[in-house]
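Please read the structure below before turning to the comments.
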Amino acid sequence: MTFDLDDTLWAVDPVIHEANRTLWEWLDTNAPLFTGLYRQEDMAEGSALRKALLERHPEIAHSVSLIRIKLLEQGCIEAGYTEVEAINLAERAFEVFMQARHQVELFEHAQAMLEQLRREGFVIGALSNGNASVSQTLVGHLFDFQFNADTVGYAKPEPQMFQQALHHTGLRPEQVVHVGDHPINDVQAAREVGLWTVWVNLPGQHWPQPGNADVRVSCLSDLPAAIARLQQQSDGRATL
């Protein structure tokens with residue numbers, strides 16, 4: 001089984017908000033020229049600064065880590081720091097951000113669900129476009145492997161992350177279930193590679209393409225039973 005992380009096992013917005021606040025406090029103390037020139041909103045997705053960066057460096061568009069580091073570097077240079085100082089400040093600032101980035105609060109039943117799947121013998125992997133390392137969370141010990149956009153070089157819905165997981169495990173697509181919250185990046189993309197899919201819809205979002213997911217769940221405690229139903233109802237594909 002493979003899992004998306006952000007908004008599948010934990011809510012991403014609160015942790016990113018707190019990580020950004022922690023980062024800005026650090027910058028205000030250690031890089032005051034930066035915070036004197038920019039606002040915190042200038043780092044956000046969709047900002048003019050970010051768009052300009054991606055126009056100059058489209059090759060890093062898949063990586064939220066590289067985007068953030070490059071924004072910090074260039075912002076420090078434009079604020080008046082030397083290139084050496086900017087690189088050093090960006091690296092230190094990113095470490096501060098990532099430490100806060102891993103202070104996630106798991107959704108209800110997430111850990112118990114993963115523990116049950118482990119007891120049932122599933123190999124469990126993480127496939128995420130984000131930069132959180134599952135090994136640095138409370139459930140890291142329940143995962144066998146992780147791939148993300150940084151390590152693979154492509155973000156979902158591109159197929160490479162799923163293909164890398166198949167290569168790593170030596171399994172066929174029909175032997176793998178992918179679980180995620182995003183209708184395109186998780187469900188549609190995994191189905192196109194041939195994986196079984198579970199759509200985790202905790203907030204009750206509208207489903208834009210009815211019927212695409214093999215199973216839908218609105219509570220993580222329902223997932224093990226849903227997987228059991230997939231095993232029983234396999235329609236010619238190999239059992240999981």
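These numbers were taken from a predicted model, which means no experiment stands behind them. In this chain, numbering begins with 1 at the start of the sequence shown.
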Take Ile87 and Glu83 through the side-chain contact (heavy atoms from CB on, under 4.5 Å) test and state the conclusion after the steps.
-> CA-CA 6 Å; Ile87 291 172; Glu83 183 174 354; 4.1 Å; yes
How about [X] and [Y]: do any of their side-chain heavy atoms sit closer than 4.5 Å?
{"X": "Glu45", "Y": "Arg50", "value": "yes"}
{"X": "Val198", "Y": "Leu223", "value": "yes"}
{"X": "His57", "Y": "Gln74", "value": "yes"}
{"X": "Phe3", "Y": "Ile124", "value": "yes"}
{"X": "Asn30", "Y": "Arg92", "value": "yes"}
{"X": "Leu195", "Y": "Leu166", "value": "yes"}
{"X": "Thr2", "Y": "Val177", "value": "no"}
{"X": "Val104", "Y": "Leu138", "value": "no"}

Given the side-chain rings of Phe147 and Phe145, with only the six-membered ring counted for Trp, is the space between their centroids under 6.0 Å?
->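 Between Phe145 and Phe147, which both carry aromatic rings, the centre distance is below 6.0 Å.
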Main-chain N/O of [Y] paired with [X] side-chain donor or acceptor, under 3.5 Å:
{"X": "Tyr81", "Y": "Leu33", "result": "yes"}
{"X": "Thr8", "Y": "Asp181", "result": "yes"}
{"X": "His62", "Y": "Asp150", "result": "no"}
{"X": "His182", "Y": "Ile184", "result": "yes"}
{"X": "Lys156", "Y": "Asn148", "result": "no"}
{"X": "Gln146", "Y": "Val134", "result": "yes"}
{"X": "Gln136", "Y": "Ala132", "result": "no"}
{"X": "Gln175", "Y": "Arg172", "result": "yes"}
{"X": "Asn88", "Y": "Val84", "result": "no"}

Can you tell me how far the [atom1] atom of [X] sits from the [atom2] atom of [Y], to the nearest 0.5 Å?
{"X": "Thr35", "Y": "Asp28", "atom1": "OG1", "atom2": "CG", "answer": "4.0 Å"}
{"X": "Phe94", "Y": "Lys70", "atom1": "CZ", "atom2": "NZ", "answer": "13.5 Å"}
{"X": "Trp24", "Y": "Glu41", "atom1": "CH2", "atom2": "CD", "answer": "8.0 Å"}
{"X": "Glu25", "Y": "Thr29", "atom1": "CD", "atom2": "OG1", "answer": "7.5 Å"}
{"X": "Thr82", "Y": "Leu89", "atom1": "OG1", "atom2": "CG", "answer": "8.5 Å"}
{"X": "Ser218", "Y": "Trp199", "atom1": "OG", "atom2": "CH2", "answer": "10.0 Å"}

Around [X], counting heavy atoms of other residues, nucleotides and ligands shown, do more than 12 lie under 6.0 Å from its [atom1]?
{"X": "His168", "atom1": "NE2", "value": "yes"}
{"X": "Glu78", "atom1": "CD", "value": "yes"}
{"X": "Gln40", "atom1": "CD", "value": "yes"}

Met113 and Ser221: side-chain contact (heavy atoms from CB on, under 4.5 Å), yes or no, with the steps?
-> CA-CA 6 Å; Met113 172 271 296; Ser221 64; over 6 Å; no
If you look at every heavy atom in [X] and [Y], which pair is closest and at what distance?
{"X": "Glu120", "Y": "Pro224", "answer": "OE2-CB, 4.4 Å"}
{"X": "Glu73", "Y": "Ala86", "answer": "O-CB, 3.5 Å"}
{"X": "Val12", "Y": "Asp7", "answer": "N-OD1, 3.1 Å"}
{"X": "Ile67", "Y": "Ile60", "answer": "CG1-O, 3.6 Å"}
{"X": "Ala100", "Y": "Val15", "answer": "O-CG2, 3.6 Å"}
{"X": "Phe162", "Y": "Asn185", "answer": "CZ-O, 3.8 Å"}

If hydrophobic clusters are built from ILVMFWY residues whose side chains come within less than 4.5 Å, do [X] and [Y] share one?
{"X": "Met161", "Y": "Val64", "value": "no"}
{"X": "Leu114", "Y": "Met1", "value": "yes"}
{"X": "Ile77", "Y": "Met43", "value": "no"}

Could you walk me through whether Asn212 and Arg191 pass the side chain to side chain donor-acceptor pair (under 3.5 Å) check?
-> CA-CA 8 Å; Asn212 272 4; Arg191 281 180 64 85; 5.1 Å; no
Geometric cation-pi criterion Arg68 and Phe97, 6.0 Å radius, 45° cone |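 Because its charged atom sits under 6.0 Å from the ring centre and within 45° of the axis, Arg68 does stack over Phe97.
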Please test Asp144 against Arg118 for salt bridge (charged side-chain N to carboxylate O under 4.0 Å, His left out), starting from the C-alpha separation and ending with a verdict.
-> CA-CA 10 Å; Asp144 298 289; Arg118 289 289 295 188; 2.6 Å; yes
Note: Glu18-Arg21 ion pair, threshold 4.0 Å (strictly below) =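 So Glu18 pairs with Arg21 through a salt bridge.
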Cationic N near anionic O, under 4.0 Å, Arg216 to Asp222 =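 So Arg216 does not pair with Asp222 through a salt bridge.
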Evaluation steps, side chain to side chain donor-acceptor pair (under 3.5 Å), between Ser65 and Ser63 | CA-CA 5 Å; Ser65 292; Ser63 172; 4.7 Å; no
Yes or no on side-chain contact (heavy atoms from CB on, under 4.5 Å) for Val96 and Thr22, after CA distance, side-chain angles and deciding distance?
-> CA-CA 7 Å; Val96 169; Thr22 301; 3.9 Å; yes
List the steps and the verdict of side chain to side chain donor-acceptor pair (under 3.5 Å) for Asp6 and Trp10.
-> CA-CA 6 Å; Asp6 293 332; Trp10 57 72; 2.7 Å; yes
For Cys76 and Glu85, what are the C-alpha separation, side-chain angles and deciding distance, and is it a side-chain contact (heavy atoms from CB on, under 4.5 Å)?
-> CA-CA 8 Å; Cys76 284; Glu85 289 172 331; over 6 Å; no
Passes side chain to side chain donor-acceptor pair (under 3.5 Å), Ser47 versus Asp42? Steps please.
-> CA-CA 6 Å; Ser47 69; Asp42 292 327; 5.9 Å; no
Quick one: which of Asp186, Asp4, Thr197 gives a side chain to side chain donor-acceptor pair (under 3.5 Å) with His178?
->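 The side chain to side chain donor-acceptor pair (under 3.5 Å) with His178 is passed solely by Asp186 among Asp186, Asp4, Thr197.
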Side-chain donor-acceptor pair present, Gln111, Glu115, cut-off under 3.5 Å |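 A donor-acceptor contact under 3.5 Å links the two side chains.
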